[in-house]
Every structure is written in C-alpha cells, then in structure tokens.
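In what follows, every chain begins at residue 1, and chains take the letters A, B, ... in the order their sequences are listed.
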Protein chains: 2
Amino acid sequence: MIAEKKKAILESTLKLIKENGFHGTPMSQVAKKAGVAAGTIYHYFDSKDTLIMELFSYTQYMIQAAMQESLREDMDFRENFFLRWISRCQFYIQNPDVLFFIEQFVNSPYFPRCSKEQNEFSQNEIIQFIRLGHQNGILRDLDPKLMSIMIHSSIMTAAKVHLDGKFSLAEKEFKQLAQMIWDSIRKL
Amino acid sequence: MIAEKKKAILESTLKLIKENGFHGTPMSQVAKKAGVAAGTIYHYFDSKDTLIMELFSYTQYMIQAAMQESLREDMDFRENFFLRWISRCQFYIQNPDVLFFIEQFVNSPYFPRCSKEQNEFSQNEIIQFIRLGHQNGILRDLDPKLMSIMIHSSIMTAAKVHLDGKFSLAEKEFKQLAQMIWDSIRKL
DNA sequence: GCCACCCGAATGAACGTTCAATAGATACCT
DNA sequence: AGGTATCTATTGAACGTTCATTCGGGTGGC
C-alpha cells in the first residue's frame, strides 16, 4: 500500500536517528541511505518535521501490527499478561531502531504536537486489557491509563537494559521481570 | 565554587533544551539567555558537545546533593524505600528541566560516550540501599543494578505523568505507586 | 500531452566556532 | 605609589560550513 520509496525513506530515517540522533541526521544522508535524491523526500513529506512526525505514526502502526499477531485468547488473565509483556519486550529487542526513536521522540518537543489518538494508539490494546482485569477484580484500583503507562515504561526499560549488553537477559530474567510487574498491578 | 557565568550557561542550556530540544537550541540563544557573549561560552567549554556532556554531570551532581538531604536513618526498610522513592519523584517534579534533559540525554548518542562512573554516579545510592535489603532477606533475588534501573524508570515515568498534567497525581496516588513498586521488589 | 515521480545542483539561512580587541585584575619591580 | 608586564575574562562581528529546502528539468506510463 505504502509507496516503496516512501517506506525506504522512513526506514532509513529510523536507523539514522537511532545512530546519530535527531540532529546529526541530515536530509542528505537520509536520501543517500534510502537510495533516492534529496528532492524526492520532499515529494512524500512536506518537511523534515513532518517526516519525523509521520515516522512516529509509522512506528506506532508497526507495534500494533506486531502485537496483534501474538494474541491468543485461550489462556487465563495472568498468563495473558505475561505473554503480552514479554511479546512487547521482544518486539523492541528485535526492533531497537523503533525503541530508540520512540524514546527520543516522546521526550522531544515533537511529541506534544501529536494528537491524542496518535500517542495513545498503541496503548489502547493494553488499556482495554487492564479494564478487563478490573472488571474481574484481579487488578488494583488504579486508573487504567496510568497503569498502562507504568507497564509500558517497564517494558521499554527492560528492553533497553538488554540491548545495552550489560546484562543480556535470558528467558529466566524476563519472566522474573514480568512477575515483578505482575505483582505490582494485581491485587495481593 | 563554580564560576558565576559558567553556572548561568549551564542553567540556561538546561532550560532551553527542555523547551526546544538538543537541536533547536543554538549557542547564540544560550548566550543570550545566560547574559553573556557567544564567545564567552567557549571560554568555559570546548564545544557544544562538551557543554552538553558537562551538563549531564552537573545534573547528576544536583540529584545526588538533593537526595542526601532527604535521608533519615531512623526508619525501617520499607518506610525508607517509600521516602526515597517519593523524594526522588518530587525532585524531578520540582526540576522538570533536569528530568527532560536526562531523558533526552540518555537516549541520545551522547550517553554512550559517558564513563561508567558518570552514568552510575546518582544510582549508587539506590544500589547500596538495595544491597542492604538483600542482606536482610527483604528483597527478591535480582541483580541490584537491574533492580535500581527498573525503580528509577518508575520514578521518572511517574514524574513525567504528573508533569504532563493529564493526571496531576496527589499524595494518595504517589503512595499508591510507591506501594506498587515496593510490592514488585520485595519478597512476597 | 498530461501527470506523477524523480533527480541533484543551487540557494540562502542558520549555526558552531574563531579571533582580534578590550577591560580588569594580579604581580612584580623601582 | 606609580608604572609596567602578564594573565584571565569577556566581547561580538566575521568566517566557513552545513543543512533544509527549492526548482528547473527529465522520464515513463496512461
């Protein structure tokens, strides 16, 4: 659906921003890496700013798509939580570019310019899940949105630790971490 | 101890980076806000890069100094944890510039250039505290460094949520959050 | 022949950094 | 005390580079 070159531009920007940061990735380099001319970028994007804004939407879409694959309904709530937590963590580990781009983006002046729908897009799935847990009386009494933010933050942090290479978490440690988060959100 | 103008330059950079990001804060603006000439910055810092690197050390130092004030030894481990968690959270809320600068910094290409001592400086206090909890058999069996990273991430996330203004957490919510994190690190 | 797509050299603004010049402070000699 | 040399602190205009963006033109499909 999405034009070949447009995708190449988005992917190149993603990689370059991870390596060189927002500043430090000139459009000329994006063009070179994407295999297009500098002018071509402006055929698809109005400016560097809109390129970056669209890149955020693009990553949100990627995440949502990846998460829907890993869903299964034939397990109890706790198992479901573990599966979701670990799946997300694995996604970020397999897509470090996305992880680092998002972290930079949400802490930059770009983020506040996003519409609500956009910045909550990939969180909605978690929020719905939390609501379900509330209805069944399994989870603590805390605003689902706040809870989802805390959970998401734990996922990204765990993925970053692993990618840093200082710990190189194995399956055991991921389960341990998921268990910790589980104990922090469930009623004791 | 630290020269008047040098401090003014650091503080100005901190504020500007929070508002405009790394890019988007030219040296000319830093100079203007600090009330010095452009050239003066280069008397104290070799380049923009070293200014930013030193700014990170500066924030780490601020945090450490602020935390030492809030310490008291006459309480049990659990109360101590709550005090520390909430104190740090409050520090970030009272110093949003520091919070947003650090978040941007640690996810940028600058961070990997830091020495270990620098990026662990402000964490050491937490790590020591966790070790104590391990010795007393209160905390779960998990690498203290990993634990401290997860805790710190929860603190920053909570502070950011509050500063976003979407939730405006009251004391009750902070205690709730601290309780959640407590339940995630202690042996059940 | 039109339109969407694509090119890449050219443009002009913005930026980090330099530097010659100035002022102030400190030290040293007479 | 006066004079002079030395060093640090400071200035802001000027420099050279880099970068986002533009534009005139080219190509191929319909």
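The side chain of Ser47(B) approaches dT17(C) more closely than any other nucleotide in the set dG16(C), dT17(C), dA9(C). Checking dC6(C), dT11(D), dA9(C) against the side-chain heavy atoms of Thr40(A) singles out dC6(C) as nearest. Side-chain atoms of Ala37(A) lie closest to dC7(C) of the nucleotides dG12(D), dA9(C), dC7(C).
Under a 4.0 Å N-O distance rule, the pair Lys7(B)/Glu11(B) does not qualify as a salt bridge.
For His162(A) and Tyr92(A), the distance between ring centers is not under 6.0 angstrom. Note: Phe129(B) and Phe77(B) meet the aromatic proximity criterion, with ring centroids under 6.0 Å apart.
By the 30° and 60° cut-offs, the orientation of the rings of Phe56(B) relative to Phe105(B) is parallel.
Nucleic acid contact class of Tyr44(B) (heavy atoms, under 4.0 Å, all strands): sugar-phosphate only.
To the nearest angstrom, P of dA20(C) lies 18 Å from NE2 of His43(B). To the nearest angstrom, C1' of dT10(D) lies 15 Å from CZ of Phe45(B). In this structure, CG of Asp46(B) is placed 16 Å from P of dG16(C), rounded to the nearest angstrom. Spacing between atom CE of Met27(A) and atom C1' of dT18(D) amounts to 14 Å, rounded to whole angstrom units. With rounding to whole Å, Leu51(B) atom CG is found 15 Å from dC15(C) atom C1'. What separates OH of Tyr42(A) from C1' of dG24(D) is a distance of 18 Å, to the nearest Å. Atom P of nucleotide dC15(C) and atom CD1 of Ile41(B) are separated by 13 Å, given to the nearest angstrom. To the nearest angstrom, P of dA13(C) lies 19 Å from NZ of Lys48(A).
Each of Gly39(A) and Ala38(B) lies near DNA chain D, and the nucleotide nearest Ala38(B) is the one positioned closer to the 5' end.
Not one side-chain nitrogen or oxygen of Lys6(A) sits closer than 4.0 Å to the OP1 or OP2 atom of dC6(C).
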Show me the donor-acceptor pairs within less than 3.5 Å that the side chains of residues 43-52 of chain A make with the rest of the protein, sequence neighbours left out.
residue, atom, partner, partner atom, Å
Ser47(A), OG, Asp49(A), N, 3.4
Ser47(A), OG, Thr50(A), N, 3.3
Lys48(A), NZ, Thr25(A), O, 3.0
Asp49(A), OD1, Tyr110(A), OH, 3.0
Thr50(A), OG1, Asp46(A), N, 3.3
Thr50(A), OG1, Ser47(A), N, 3.1
Thr50(A), OG1, Ser47(A), O, 3.0

